[in-house]
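What follows is one structure encoded as structure tokens, with my remarks underneath.
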2 protein chains.
Amino acid sequence: MTAVTGYAPGEVAQRTGLSLDTLRYYEREGLVGPVGRSAGGQRRYDEDDVAWIGIVTCLRDAGLGIADLRRFTELLRAEAGADDRVAFLRRRRTELLDQVERIRAAIDVLDGKIAHYATEP
Amino acid sequence: MTAVTGYAPGEVAQRTGLSLDTLRYYEREGLVGPVGRSAGGQRRYDEDDVAWIGIVTCLRDAGLGIADLRRFTELLRAEAGADDRVAFLRRRRTELLDQVERIRAAIDVLDGKIAHYATEP
DNA sequence: CTGCAACCTGGAGCGCGCTCCAGGTCAAGC
DNA sequence: GCTTGACCTGGAGCGCGCTCCAGGTTGCAG
């Protein structure tokens, strides 16, 4: 009689753009969940799970590795150690800013070549 | 009587920050060279080689893949096809800008978490 | 009750970008 | 000439981040 609650794996895959395999992989690696299960043992994701997967995906897309994201997940779960937590977050932030700088440098290189070939065919 | 000209592999490794193995790997993959050889078959890099390796390294650091860089190298060598060339360069440029956007989004996520934990320990 | 799609697990496989190794050659100083 | 260190080649190995597969279970629709 209880309404079936949460999202089935296929639904989550569709909403997040991840594959079922990746969703399971992230869970194994501790980036997500543990996700709730139905009586029969099938996964049911709740709103929080889906929102968290969105955050993880965003950080993955920016280039953070699985190990970083595991640590991120663990730190945000832990009660204590807010200092560690903030220090970790700031370090990642700095790394991302550095990466933006590297990309800017590369764009400058490309612009140089584009200018060269666009004006002198 | 001819002075020994160019740079030995070890020297180039030091100047570029790449390993000897990576230098050879890039050459095999067509990202660099072919590099000149001494009478005895050992590599001698000239200024242009070193400069080009710098460009390749810059683009690698920004996240371009080996296949992209091979294509980049081939296109800049080819005489014809300036249109292809510029189109290719612009495409990579756009991809890099997209990546900057993804990183910005990730930084926003981190900032949100930092703000949260910095104010509420 | 049956059928079928969606799901489960454990484990193998893959593409990328190096990195390491064995077994040899080259080159410069003594 | 000999030693020593830098270099050569071909090929195997590795860490990462998935992706695929076999063989089986679940669960909804008709």
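Numbers restart at 1 for each chain; the letters A, B, ... are given by sequence-line order, proteins then strands.
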Using a heavy-atom cut-off of 4.0 Å across all strands, would you classify [X] as base, sugar-phosphate, or nothing?
X: B:Ala39; answer: nothing
X: A:Arg37; answer: sugar-phosphate
X: B:Arg24; answer: base

TODO: List the atom of A:Arg77, the atom of A:Val32, and the distance in Å for their closest heavy-atom pair.
DONE: NH2-C, 4.4 Å
Task: Minimum heavy-atom distance B:Ala106-A:Ala62, with the two atoms named - done: CB-CB, 3.4 Å
Task: A:Asp21 or A:Gly40, whichever maps to the more 5' nucleotide of DNA chain D - done: A:Asp21
Task: First of A:Tyr25 and A:Gln42 reached from the 5' end of DNA chain D, by closest nucleotide - done: A:Tyr25
- [ ] Could you walk me through whether B:Val56 and B:Leu64 pass side chain to side chain contact (heavy atoms under 4.5 Å, CB included), step by step?
- [x] CA-CA 9 Å; B:Val56 165; B:Leu64 274 81; over 6 Å; no
TODO: Can you establish whether the number of heavy atoms outside A:Arg71 located under 6.0 Å from its atom CZ is more than 12?
DONE: no
TODO: Name the first nucleotide and the last nucleotide along DNA chain C (5' to 3') that come under 4.0 Å of a heavy atom in chain A.
DONE: C:dC7 to C:dT9
Task: B:Gly41 or B:Arg60, whichever maps to the more 5' nucleotide of DNA chain C - done: B:Arg60
- [ ] Cation-pi check, B:Arg15 to B:Tyr7: give yes when NZ or CZ is under 6.0 Å from the six-membered ring centre and within 45° of the ring axis, no otherwise.
- [x] yes
- [ ] Using the six-membered ring of B:Phe72, assess whether NZ or CZ of B:Arg92 lies under 6.0 Å from its centre and within 45 degrees of the ring axis.
- [x] no
